[in-house]
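Below is one structure, written out as structure tokens; comments come after it.
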Amino acid sequence: MTDTTRPPGRPRVRQTRATDASVALSLVQARLDLSAHGMAAYLGVPVATFRNWRDGHREPPALLYRLLDVLGTVEALAPGIHEQLLPGRE
């Protein structure tokens with residue numbers, strides 16, 4: 001089967017799209033000043049999974065939104081406890 005949407009010899013480019021999750025994850029990552037490895041550890045997922053969610057390649061489960069809400073609440077109400085949840089800052 002031939003792909004007629006690109007000229008022959010051109011590599012395929014993986015399409016990405018900004019989703020609510022990718023925007024939310026990027027904002028949290030920037031606010032917490034975490035690397036991709038740190039953010040993956042913070043969420044308890046493999047780095048590749050985090051990157052797929054952040055880059056819009058995969059849609060994360062609905063539970064991720066709730067987790068971000070809970071972690072945001074802990075960050076606001078108990079910053080000392082939240083600091084202990086951040087990777088490398090125990």
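Numbers here simply count residues along the sequence, with the first being 1. Any value given below was found using the heavy atoms of this structure, including those in side chains, with hydrogens, waters and symmetry copies removed.
- Residues G56 and S22 come closest through the heavy atom pair N-CB, 4.1 Å.
- Distance check, rounded to the nearest 0.5 Å: CG of L25 to CG of N52 gives 11.5 Å.
- Closest heavy-atom contact between L71 and H82: O-CD2, 3.6 Å.
- Side chains of R51 and H37 form a contact here, defined as non-hydrogen atoms less than 4.5 Å apart.
- Residues P87 and G38 come closest through the heavy atom pair CG-O, 3.1 Å.
- In this structure, the separation between CD on Q29 and CG on L43 is 9.5 Å, given to the nearest 0.5 Å.
- You'll find the side chain of M39 stays beyond 4.5 Å of the side chain of R54, heavy atoms only.
- Closest approach of W53 to V45, counting heavy atoms only: CH2-CG1, 3.7 Å.
- Rounding to the nearest 0.5 Å gives a distance of 9.0 Å between CG of L86 and CD of Q84.
- Considering every non-hydrogen atom in both L68 and A24, the closest pair reads CD1-CB, 4.4 Å.
- In the hydrophobic clustering of this structure, V74 groups with L64; members are Ile, Leu, Val, Met, Phe, Trp, Tyr whose side-chain heavy atoms approach within less than 4.5 Å, directly or through other members.
- In the hydrophobic clustering of ILVMFWY residues, with side-chain heavy atoms under 4.5 Å counting as a link, L32 and I81 come out together.
- Sequence neighbours left out, the pairs with a member in residues 62-72 that pass side-chain hydrogen bond (donor to acceptor under 3.5 Å, both in side chains) are E59-Y65.
- The side-chain heavy atoms of L34 and V28, taken from C-beta on, include no pair separated by under 4.5 Å.
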